[in-house]
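Each remark here refers to the structure printed beneath this line.
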Amino acid sequence: MALAFPKTFDASLHEEKLYQLWEDKKAFQAVIDKDKKPFTIILPLPNANDPMHIGHAMFVIEDILTRYHIMRGDPTLWIPGADHAGMETQYMFEKKLAKEGKSRFDFDRETLYKILWDFAEENRAINKNQLKKLGFALDWSRYHYSLEPEIVERVLETFRKLHHDGLIYRGERIVNYCTRCGTAFSDLEINYIERKDSLYYIKYGPFILATTRPETKFGDTAVAFHPGDKRYEKYLNQEIEIQGVNGPFTVKVVADDEIDPDFGTGIEKVTPGHDPLDFEIAQRHNLPVKKVIGTDGKLTELAGRFSGMKVNEARQAVFEAMQEMNLIDHVDENYMHNVATCYKCGTTIEPMVFPQWFVKTKPLAGPAIQAVKNGETKIFPKRRFEKIYFDWMEKIKDWNISRQIVWGPRIPAWYCLDCNEAVQLSFLDKNKKRVSGPYKNVKQTYSFDEIHSGLQSLSAPKDASYQLNHGKCERCHGSNVIQETDTFDTWFLSGQWPVNTLRSRPGDFEYFYPTSVLDTMWDILFFWVGRMMMLGIYLTGEVPFKIAHMHARVVDKFGKKMSKSKNNVIDPAIMINQYGADALRMALVLGVAPASDVSLSDEKVKGMRNFANKLWNIGRFISMGPDNKKIPAFNEKMQGLAPEDTQLLVSFKKLIKHTTNDLDNFRFGRATENLYQFMWHEFADVYIERAKARMKQGDVVVFSVLRYVFSTSLKLLHPFMPFVTEALWQEMFKQEEPLLVKASWPTGK
RNA sequence: GGACGAUUAGCUCAGCUGGUUAGAGCGCUUCAUUGACAUUGAAGAGGUCACUGGUUCGAGUCCAGUAUCGUCCACCA
């Protein structure tokens, strides 16, 4: 027995070597062949800061498709990349800073950016290596990082194009602001949690109304009731004087359809600055907006003696003050309602009004809807996800693309401070002391250069004048020009990823775009798939991918979502070390229905490890047979075929057909189940067992069949289990074809 | 509040366009040990396919309703 065949298959002895072999032979590098149709996949770019989790292992579906198409002889390209993941990375980084007793406010933005860069860089290398461990057939010669200068330049170009087409605007809108993360979020980035709070019934002029937030009273500019509500109709359009804790003030009485007459007392106080619904009402009725909470989460000077208090303290303090003034009717302390929280840190979201950059999405969503309706892009599984896609696209709101964080490309707009003296600035002076205020104040003490070099952030009024190019002010020709400090929402970059990566190499875009398949978990259908559709079509006139394949979520062996708090997280790296990458890969696809949850357990991975070992031992058995030279070449009509041979071959032919068909239709679960069943229970348990008797009688034809069926099976199995199949191929069949990954897919004819 | 998905063996799940005795993996029971593999082999137990009604010659599979669980979207001051 050759040393090459120890009794068990030890994946760890082969994986690294085989991946190296594939890379050396450039097996994964796509070559353009204009006579053939390409097959292209974009890897959903992992976050540069993110260590591998089980979700990344699910990209095995893309690897299966990639390897299958390589074997089919298609020019195949699977593009890897990494995302700087603005918010995610900065959040992780700030947690690290906090441990060192520091915060982002200790640095000017340029310095902060540099440290963040190094932080992300460390992890980016790890990330690459982990994708290799999974055996992924990625074309590393086309790897891209979202912060590469060339990629960033294309993103800025997209912004300018959108701006030119009138699809970018600065709007003073109510946004979801997290006072802890210090940035606004899009609607998709907030979570609602159910919480018990007090509902205060307060005396409000002639009314009694219910509110959960008495502290925002200083921002009230109206009260609203449902049109036609008899209780309040007589007050319509009146200015009513209200007794407040800081003295009397007046509000207007308006009627609005959005008010539920059955809630509370059917009338609400309108606080446009700090409530999304109230903001809309204010827009409809031309009410003024007052800001009573600042970005620091504290009440502003409008709150009088309550200013400087944090929201929660202020709520209690205002409540007590109102009680003293006999302005509280009663309190319902067990009021359950949903509260918006930051998806990142869980802090209660503070709806706030301030200027942000928006993309008008309606004109982009139309074509994106149309493309799916007419089948240019197919969403799979259709029944489940197309409707969700349409629902979202049809009621899409404008997209807030500005984030008040450092980690990411800055929006390419420049303000002249001399033309916009109201721009709010925060910076570190030359003594590293933090200074904030409008330019017209700080310029008395600080030079432009000092502000510019210590800059942390700025906030320009909604109607501030800006220009899209660096350089002197186009109006006053002054040079006190400063770039917007808001950075792009990460999804604005990744939404253009297929276009921008392919445009990085001459010829690639023209050949590989639109890509063939985009595979991702359904949780980012809106974040990513929807945005890629909109921006892809906008930039190129063509859809970014022909098929959007939604894969399943990995859950634990009891079908429960994995989470750190439940302590049921499975680490793919540990699984690979213990059972091998093939075993993990197989465990993630075998028997899994499209887009249903994948229940993963140690036992299942172990079972798949056993399967890999079974294959190994089939190879071992065949290798123990007669010398290769004594075995006649296989041919379906060769002399000496026994009935059981013919029977096996018929069954095997069906297997080839079904596997091909299943792969073409994304039925990976069934394909693997059939392969498993055939290899183990037909080929090994039955056919090989019988072959042993024939072997003793000196039958060599049986080895022709064994070798043919086995080598062809390795091809069928290779997309799923690349390592063990290639290891066996290298041992037994490489004279037929040097690399299994490059061997041609069987036709069964 | 709206939508979607799930409900099949002890556990986790397959079962495509309806067609003879309903499948797999793990677990369980019994037996087998030096010649591919104990990361194994052989045999076996175990299911009124959530419930109710309907369509059909025929339903786990299609339709309607009910219940339970799960997920997503919206969000009520």
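Lettering follows sequence order; numbering is per chain, from 1. Everything numeric here is computed off the predicted structure, so don't read it as measured data.
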request  = Flag the pair A/Tyr235 / A/Phe225 as yes when their ring centroid distance falls below 6.0 Å, and as no otherwise.
outcome  = no

query = Can you check the A/Lys387 NZ to B/C72 C1' distance for me, whole Å?
reply = 12 Å

Footprint string (nucleotides 19-39 of chain B, 5' to 3'): B base within contact, S backbone only, - free, heavy atoms under 4.0 Å = ------SS---------BB-B

ask   = Do NZ/NE/NH1/NH2 and the carboxylate oxygens of A/Arg694 and A/Asp645 come within less than 4.0 Å?
value = yes

message = What is the separation between atom CD on A/Glu194 and atom C1' on B/C76, rounded to the nearest whole Å?
response = 13 Å

query = Quick one: A/Asn338 CG to B/C73 C1', roughly how many Å, whole number?
reply = 12 Å

key: Residues A/Arg213, A/Asp275: salt bridge by 4.0 Å N-O rule   = no

query = Which part of the nucleic acid does A/Tyr389 contact within heavy-atom distance under 4.0 Å: base, sugar-phosphate only, or nothing?
reply = nothing

ask   = Side-chain contact, heavy-atom cut-off 4.5 Å: A/Val372 with A/Phe390?
value = yes

task = Could you state the atom-to-atom distance from CG of A/Asp197 to P of B/C76 in whole Å?
result = 14 Å

inquiry  = Rounded to whole Å, please give me the gap between CD1 in A/Ile388 and P in B/G2.
reply    = 17 Å

task = Identify, between A/Asp278 and A/Arg670, the residue whose nearest nucleotide on RNA chain B lies closer to the 5' end.
result = A/Arg670

query = Quick one: A/Ile190 CD1 to B/C73 C1', roughly how many Å, whole number?
reply = 12 Å

key: Distance, rounded to the nearest Å, where A/Met393 contributes CE and B/C72 contributes C1'   = 16 Å

query = B/A3 P sits how many Å from A/Lys395 NZ, rounded?
reply = 11 Å

ask   = Heavy atoms under 4.0 Å, any strand shown: does A/Lys397 hit a base, just sugar-phosphate, or nothing?
value = sugar-phosphate

inquiry  = Distance alone, cut at 3.5 Å: any donor-acceptor contact between the side chains of A/Asp662 and A/His658?
reply    = no

inquiry  = Aromatic contact between A/Phe720 and A/Phe668, with the criterion being ring centroids under 6.0 Å apart: yes or no?
reply    = no

query = Less than 3.5 Å between a donor and an acceptor, one on the side chain of A/Arg667 and one on the base of B/C16, is that the case here?
reply = no

query = Which residue lies toward the 5' end of RNA chain B, A/Trp392 or A/Gly591, if each is placed at its nearest nucleotide?
reply = A/Gly591

request  = Would you mind checking if A/Lys203 and A/Asp329 are paired as a salt bridge, meaning a charged N to carboxylate O distance below 4.0 Å?
outcome  = no

